[in-house]
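Chain A is the first sequence line, chain B the second, and so forth, proteins listed ahead of strands; every chain is numbered from 1. Just so it is clear, the values below take in all heavy atoms, side chains as well, and ignore hydrogens, waters and symmetry mates. Here the structure is a predicted model, which means the values were calculated and not measured.
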Protein chains: 2
Amino acid sequence: MPLPYIIEAMSRENKSQYAILGILADAPRSGYEIKKLCDQFLSFFWNENYGNIYPALKKMEAEGLVTMERMKQDGSPDKKVYTITEAGHTALKDWLRRPPDFRILREELLLQIFFGQTIGAAPFREKIERQKKWCQSIIDRLNEVREYVETEIAPERQEDNLPYWLATLRFGLRFYQMESDWCDEAQAILLELAGNEND
Amino acid sequence: MPLPYIIEAMSRENKSQYAILGILADAPRSGYEIKKLCDQFLSFFWNENYGNIYPALKKMEAEGLVTMERMKQDGSPDKKVYTITEAGHTALKDWLRRPPDFRILREELLLQIFFGQTIGAAPFREKIERQKKWCQSIIDRLNEVREYVETEIAPERQEDNLPYWLATLRFGLRFYQMESDWCDEAQAILLELAGNEND
DNA sequence: TAGTTCATGTAATGAGTTACATGATTAT
DNA sequence: ATAATCATGTAACTCATTACATGAACTA
């Protein structure tokens with residue numbers, strides 16, 4: 001009885017440009033501001049870095065998806081503020097309507113546990129505890145984000161975006177709570193095992 | 001009140017070699033067999049491809065972590081069977097004791113939902129339904145794997161590995177069940193919104 | 001006859017991250 | 001004095017995936 005494959009890989013294309021277009025659709029911004037917004041609001045399911053953002057902005061400007069305007073500031077260096085164009089809006093909406101790629105997980109902790117028999121259950125006690133603490137710290141931060149968007153964002157913008165943002169936040173909260181619960185279960189499974197190992 | 005960053009990136013090194021060493025620690029195998037095992041047992045949290053496996057095996061052979069033996073077969077092409085060495089065992093155990101990198105998610109569906117206001121809630125009905133069906137199909141396959149390891153694997157090997165394998169399977173089952181449940185919640189959030197959009 | 005499985009590999013490309021470079025200002 | 005923030009970018013690198021190449025045997 002041969003087993004079927006669990007997950008088959010999918011073809012992937014570059015999605016960074018859409019993350020950037022989505023952020024610019026809200027308001028014109030600089031590369032630096034885009035990065036900051038990614039870190040603060042998206043990083044629990046998406047992240048971008050400068051080495052990606054700046055070349056992408058340049059490329060999108062050449063393609064006519066955004067326009068750039070230099071802004072002088074006193075006290076800080078010049079800013080390059082990017083604004084989304086009509087073509088940019090169209091590209092964003094086209095992508096938004098397409099079905100997303102399915103995720104491919106890479107969980108090093110699970111890989112280690114899968115081969116755990118090699119070193120026995122004991123070292124995993126601490127690893128799983130560490131993982132649980134990490135989950136809890138992210139849950140705390142997600143709750144901070146939720147409070148922030150519910151109280152600090154202007155009410156007229158909430159009406160538009162709040163349900164969408166809430167849906168993503170709920171995923172994050174469910175995910176890390178699920179993982180925290182799994183940590184407890186995994187500890188129980190390996191605790192029982194450690195008992196047998198000592199016999 | 002500035003928000004803290006949710007997740008900070010970590011330095012990452014190549015982990016493919018440890019996946020391969022872990023599989024070879026169980027028994028000598030060819031690159032082809034390693035790939036098949038990855039697909040059947042690990043692919044819900046880890047996957048490897050030939051373009052990675054074959055060069056990695058060659059490199060590990062040069063480093064003395066594995067040895068290679070050519071095996072002639074009738075009916076099929078020659079096999080290159082790799083066996084883990086003492087040095088390989090040591091490298092594997094060293095990695096198993098190290099704390100794992102924390103994951104970085106890239107969830108295209110969440111990115112689309114975050115910017116969903118641009119196109120409105122309607123197109124997400126189908127996307128989320130598709131996501132839920134995908135989750136259910138993986139849950140079905142994970143249950144097949146669980147039945148397989150509980151019934152088809154030799155009992156004396158179960159004693160060693162079963163709890164570790166069960167712990168990883170439980171993560172998969174919890175994860176995809178969590179996501180399936182989240183799909184229902186997200187539909188409810190966006191359904192309510194679609195009602196308001198029609199006003 | 002067409003597709004799948006067995007079996008190995010390389011080349012090319014694309015994606016993602018880190019390190020480096022510069023430099024002023026502001027807070028501790 | 002030191003660190004952090006603001007601000008932009010490039011170069012190098014690693015990682016991951018896909019396409020390509022070969023070829024025999026078996027199955028529908």
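- Residues forming a side-chain contact (heavy atoms from CB on, under 4.5 Å) with B:A188 (at least two apart in sequence, or on another chain): none.
- In this structure, the side-chain contact (heavy atoms from CB on, under 4.5 Å) partners of A:A87, at least two apart in sequence or on a different chain, are A:L65, A:T85.
- Comparing the end axes of the helix from C:dT1-D:dA28 to C:dT28-D:dA1, each fitted to five base pairs by superposing C1' atoms of four pairs onto the next four, gives an inter-axis angle of 40° (nearest 10 degrees).
- By the side-chain contact (heavy atoms from CB on, under 4.5 Å) test, A:P99 is found to be paired with B:R130, residues two or more places apart in sequence or in another chain being considered.
- Between A:D101 atom CG and D:dA16 atom C1' the separation is 14 Å, expressed in whole Å.
- Rounded to an integer number of Å, the gap from CD1 of A:I104 to P of D:dC15 is 17 Å.
- Taking the ring centroids of A:F175 and B:F175, they lie under the 6.0 Å cut-off.
- Checking the phosphate oxygens (OP1, OP2) of D:dC15, no side-chain nitrogen or oxygen of A:R106 falls inside 4.0 Å.
- Remark: A:S16 is not in phosphate contact with C:dA15, judged by side-chain N or O atoms under 4.0 Å from OP1 or OP2.
- Rounded to a whole Å, the CG atom of A:D78 is 15 Å from the P atom of C:dG23.
- If you measure from atom NZ of A:K79 to atom P of D:dT8, you get 8 Å, rounded to the nearest angstrom.
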Please write out the pairs of protein N or O atoms and N or O atoms of nucleotides 9-12 of chain C separated by less than 3.5 Å, giving the distance to one decimal.
residue	atom	partner	partner atom	Å
C:dG9	OP1	B:K80	NZ	2.0
C:dT10	OP1	B:K58	NZ	2.9

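- Remark: P of D:dT5 and CD of A:E33 are 16 Å apart, rounded to the nearest angstrom.
- The distance from atom OH of A:Y32 to atom P of D:dA4 is 13 Å, rounded to the nearest whole Å.
- Classification of the B:Y18-B:W95 ring pair by plane angle, with boundaries at 30° and 60°, yields parallel.
- Residues passing the side-chain contact (heavy atoms from CB on, under 4.5 Å) test with A:E48, sequence neighbours excluded: A:S16, A:A19, A:C38, A:W46, A:N52, A:I53, B:R106.
- Using a 4.0 Å cut-off, some side-chain N or O of A:N47 falls inside it from OP1 or OP2 of C:dT17.
- A salt bridge is defined here as a Lys NZ or Arg NE, NH1 or NH2 lying under 4.0 Å from an Asp or Glu carboxylate O, and A:K79 with A:E69 fails to meet this definition.
- Per the geometry, CE belonging to B:M71 stands 16 Å off C1' belonging to C:dT8, to the nearest Å.
- Put simply, B:N49 has a side-chain N or O that comes within less than 4.0 Å of OP1 or OP2 on D:dT17.
- As rounded to whole Å, 15 Å separates atom C1' of D:dT18 from atom CD of B:E48.
- Looking only at atom types and distance, the side chain of B:Y176 has no donor-acceptor partner in the side chain of B:R141 under 3.5 Å away.
- In this pair, B:F102 and A:W134 present their aromatic rings parallel. The plane angle is below 30°, not in the 30 to 60° band.
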